[in-house]
Amino acid sequence: MTDMALFAEHQVRTDLARLLLAAVETSGQPRCEIARKAQIHKDALRRVLAGERSASIAETLRILAASGVPPHAHLLLFLVGSDHAVRWLQSDLADFFEDFTSELPCALERVLGNQVHDVKPRWAKGTAHRVARLLSDHIDELERKDALLGDVFGAGIGGCHG
């Protein structure tokens, strides 16, 4: 059962302010520039970042985008109650998650076809771990190929000049 205390207005506002403040601070931009890009008054931005004012979903997305982070990925991470939203700021992993989560619904429908309605919620955790293992194997394979190519080119260059 979901703990409804987690959804208390004050707690949600505080947690969202923490994410938005971290995004703004790591952006390297002045707050007035973030406010201008996000189309929000600078005082309203200050109050949102201080947790004194709730940001709408649209404002949240605009502040994240103006800060230079993938907005949908970070909002999704925030909504699932994950500290990854702050830890992944300004990272390639956040960019990956943004593209992955936007492509996933269409990919599921395309690959599963009529079986999309047979998917069981209990499979989610195992599927997430399987996707992570698949990605890890893919990275390992790319690193092996890079090492092989480096050895081939290194031997070829050394052989020509040696």
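Along the sequence shown, residues are numbered consecutively beginning with 1.
Side chain to side chain, H10 and R13 fail the donor-acceptor criterion of an N or O pair below 3.5 Å. When only modelled atom types and interatomic distance are considered, S54 and E9 share a side-chain donor-acceptor pair under 3.5 Å.
Closest of all the heavy-atom pairs between A66 and K37 is CB-CB, 3.5 Å. Of all heavy-atom pairs between T60 and L75, the closest is CG2-CD1, 4.1 Å. Here the shortest heavy-atom pairing between R53 and V48 reads NH1-CG2, 3.1 Å.
At least one side-chain heavy atom of F100 sits less than 4.5 Å from a side-chain heavy atom of V131. With contacts defined as side-chain heavy-atom distances shorter than 4.5 Å, the pair R31/K42 does not qualify.
Screening L77, L64, L61 against H72 for a side chain to side chain contact (heavy atoms under 4.5 Å, CB included) leaves a single residue, L61. When each of I34, I63, L45 is paired with L20, the side chain to side chain contact (heavy atoms under 4.5 Å, CB included) condition holds for I63 and for no other.
Formation of a donor-acceptor pair under 3.5 Å by the E143 side chain with backbone atoms of D140 is not found in this model. Looking at S27, its side chain does come within 3.5 Å of a backbone N or O of Q29 through a donor-acceptor pair. Using modelled atom types, no side-chain atom of H138 and backbone atom of L134 make a donor-acceptor pair closer than 3.5 Å.
Heavy-atom neighbours of D137 CG from other residues, nucleotides or ligands within 6.0 Å: above the threshold of 12. Within 6.0 Å of the CG atom in N114, the count of heavy atoms belonging to other residues, nucleotides or ligands does not exceed 12. Within a 6.0 Å sphere centred on CD1 of I57, heavy atoms belonging to other residues, nucleotides or ligands number 12 at most.
For the atom pair CG (L104) and CZ (F97), the distance works out to 9.5 Å, reported to the nearest 0.5 Å.
The existence of a salt bridge linking E103 and R110 is confirmed by a sub-4.0 Å separation between a basic side-chain nitrogen and an acidic carboxylate oxygen. The residues D83 and R18 are annotated as salt-bridged, a charged nitrogen and a carboxylate oxygen being separated by less than 4.0 angstrom.
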Could you go step by step and tell me if V69 and W88 meet the side chain to side chain contact (heavy atoms under 4.5 Å, CB included) rule? CA-CA 9 Å; V69 299; W88 289 0; over 6 Å; no
